[in-house]
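Note that the coordinates shown come from a computational prediction; the quantities given were computed from them, not determined experimentally. Below, each value reflects all heavy atoms present in this structure, side chains not excepted, and no hydrogens, waters or symmetry copies.
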Amino acid sequence: MKPIRKAVLPVAGLGTRFLPATKAVPKEMLTVVDRPVVQHVVDEAREAGIEHFIFVTGRGKAVIEDHFDIAFELDRTLVERGKQAAYDELKKDLPQAGQTSFTRQQAPLGLGHAVWCAREIVGDEPFAVLLPDMLSRGCMAQMLAAYERHGGNVVAVEEVAPEETHQYGIVSVGETYGQTFEITGMVEKPKQGTAPSNYIISGRYILQPEIFGILEHGKKGAGGEIQLTDAMIDLMAEQSFYGMRYEGRTYDTGSKLGFLTANVAYALERPDLAGPLKAEIAKLLADQ
């Protein structure tokens, strides 16, 4: 098996669920506590051992590229003012030279199209896909462990209430191997009451490069877009797919409630914020 060295992050979305906040600021640059959402996702991948980050961008997303670059004026100002801790934090977060690549998705044609746009940079090797809306700390490390056990293609899944399955891509469960199981089928946003399980595809994937040959055909699915799930269904006829039950909680920062919940959850884990935040929350609840 070839190792997973590269990760694709589709960051070209318009963020319409967060307007007007995302009119001029990319949704991926909205902050959870004091770090942009996309930085949290990159942190997850780096900690798992990913070496190269491929950002599929669109118009108005140049600030993401700037965020992962050196800011000479800022660095110099921090050093001159003796703010060494802040300077060290910035340097720690900065990818090494050559570890980031940026390519454009010129039209909003769907997640499958966004992944296809990274084909030349990925090349002929398996790769990870991380949706930058979804914060799932430790998920990619669990995914890589599952890949080392099974090979093939791996999809992170989580359970939801049966009445919510029509909102997501759903997998069918085959033979089970502890935390993982064989995926025997997939369906994108099934009608209520028809889902084969309550396991949703939760925004983390490990895929073999043959997926690009399928996506190249540009077959449109739900919403008139090129769906990654449809391409995975076609690839399943030739290759094995495994579901990996993520042991943790995912926060969908693309939704208002998920974004607010993520901020509270991440802040409560900070020793400098947890106590004061709990006190403020208690005051707010008392006033209701």
Side-chain angles (χ1 to χ4, degrees), residues 6-19 22-23 26-29 37-38 41 45 53-61 64 101-122 126-136 153-158 160 164-171 183 185-191 195 199-239 241 243 250 252-255 258:
K6 299 177 180 178
V8 175
L9 290 87
V11 295
L14 298 176
T16 53
R17 289 188 291 174
F18 253 100
L19 289 170
T22 50
K23 180 179 179 181
K27 62 178 181 176
E28 299 83 8
M29 291 302 294
V37 170
V38 69
V41 176
F53 305 92
I54 303 164
F55 297 88
V56 181
T57 70
R59 292 183 60 196
K61 301 283 184 163
I64 298 176
S101 298
F102 295 83
T103 187
R104 282 289 186 105
Q105 181 188 19
Q106 285 95 341
L109 298 179
L111 176 59
H113 182 258
V115 171
W116 180 75
C117 289
R119 65 198 182 282
E120 297 294 341
I121 305 173
V122 172
F127 62 101
V129 177
L130 296 92
L131 301 191
D133 285 347
M134 313 300 282
L135 294 189
S136 306
N153 303 268
V154 183
V155 179
V157 300
E158 293 182 55
V160 299
E164 298 177 8
T165 53
H166 67 286
Q167 305 174 45
Y168 303 96
I170 305 294
V171 301
I183 294 176
M186 301 182 200
V187 59
E188 183 69 27
K189 297 182 179 179
K191 294 181 180 179
Y199 282 108
I200 68 168
I201 299 171
S202 61
R204 299 289 184 270
Y205 312 78
I206 290 175
L207 300 171
Q208 297 296 321
E210 287 77 13
I211 196 78
F212 293 125
I214 297 172
L215 291 170
E216 185 175 0
H217 298 299
K219 182 176 71 174
K220 294 184 178 180
E225 296 183 338
I226 301 171
Q227 297 289 349
L228 183 60
T229 301
D230 292 340
M232 291 193 295
I233 291 171
D234 290 345
L235 185 59
M236 196 182 304
E238 304 172 4
Q239 297 183 1
F241 273 76
T250 294
D252 179 5
T253 63
S255 72

> Are the side chain of R204 and the backbone N or O of L131 linked by a donor-acceptor pair below 3.5 Å?
Replying inline: yes
> Which pair of heavy atoms, one from A114 and one from P10, lies closest together, and at what distance?
Replying inline: CB-CB, 4.0 Å
> What is the minimum heavy-atom distance between A231 and L215, and which atoms define it?
Replying inline: CB-CD2, 3.4 Å
> Does any non-hydrogen side-chain atom of R17 lie less than 4.5 Å from one of D252?
Replying inline: yes
> Taking the side chain from T229 and the backbone from G169, do they hold a donor-acceptor pair closer than 3.5 Å?
Replying inline: no
>> How long is the straight-line distance from OG1 of T165 back to NZ of K191, given to the nearest 0.5 Å?
In response: 13.5 Å
> Per the side-chain contact (heavy atoms from CB on, under 4.5 Å) rule, which among V154, V115, N153, L228 passes with Y205?
Replying inline: L228
>> Would the distance check show the side chain of S202 and the main-chain N or O of A156 forming a donor-acceptor pair, the cut-off being under 3.5 Å?
In response: yes
>> Could you tell me if the side chain of M232 sits less than 4.5 Å from the side chain of L207, heavy atoms only?
In response: yes
> Measuring from D230:CG to H217:NE2, what's the distance to the nearest 0.5 Å?
Replying inline: 13.0 Å
> Does K6 reach the main-chain N or O of V122 with its side chain, forming a donor-acceptor pair under 3.5 Å?
Replying inline: yes
> Atom NZ of K220 and atom CG of L109: how far apart are they, to the nearest 0.5 Å?
Replying inline: 6.0 Å
> What are the two closest heavy atoms between F127 and Q208, and how far apart are they?
Replying inline: CE2-O, 4.1 Å
> For V11, does its backbone N or O pair with a side-chain atom of K61 as donor and acceptor, under 3.5 Å?
Replying inline: yes
>> Tell me the closest heavy-atom pair linking G15 and T22, and the distance in Å.
In response: O-OG1, 2.6 Å
> For F241 and M186, which heavy atoms make the closest approach, and how far apart are they?
Replying inline: CD2-CE, 3.5 Å
>> Does V41 form a side chain to side chain contact (heavy atoms under 4.5 Å, CB included) with L135? I'd like the steps, not just the answer.
In response: CA-CA 6 Å; V41 176; L135 294 189; 3.7 Å; yes
>> Please give me the minimum heavy-atom distance between T250 and S136, naming the atom from each residue.
In response: OG1-OG, 2.7 Å
> Atom SG in C117, atom CZ in R104: separation rounded to 0.5 Å?
Replying inline: 11.5 Å
> Can you tell if the side chain of W116 reaches within under 4.5 Å of the side chain of I226, non-hydrogen atoms only?
Replying inline: no
> Any donor and acceptor pair, going by atom type alone, linking the side chain of T253 with main-chain N or O of D133 inside 3.5 Å?
Replying inline: yes
> When rounded to the nearest 0.5 angstrom, what distance separates CE in M134 from CD in E158?
Replying inline: 7.0 Å
>> Distance check, rounded to the nearest 0.5 Å: L19 atom CG versus K27 atom NZ?
In response: 10.5 Å
> When you measure from the side chain of Q105 to the backbone N and O of G110, does any donor-acceptor pair fall under 3.5 Å?
Replying inline: yes
>> Could you check whether any side-chain heavy atom of V56 comes within less than 4.5 Å of a side-chain heavy atom of L9, counting everything from C-beta outward?
In response: no
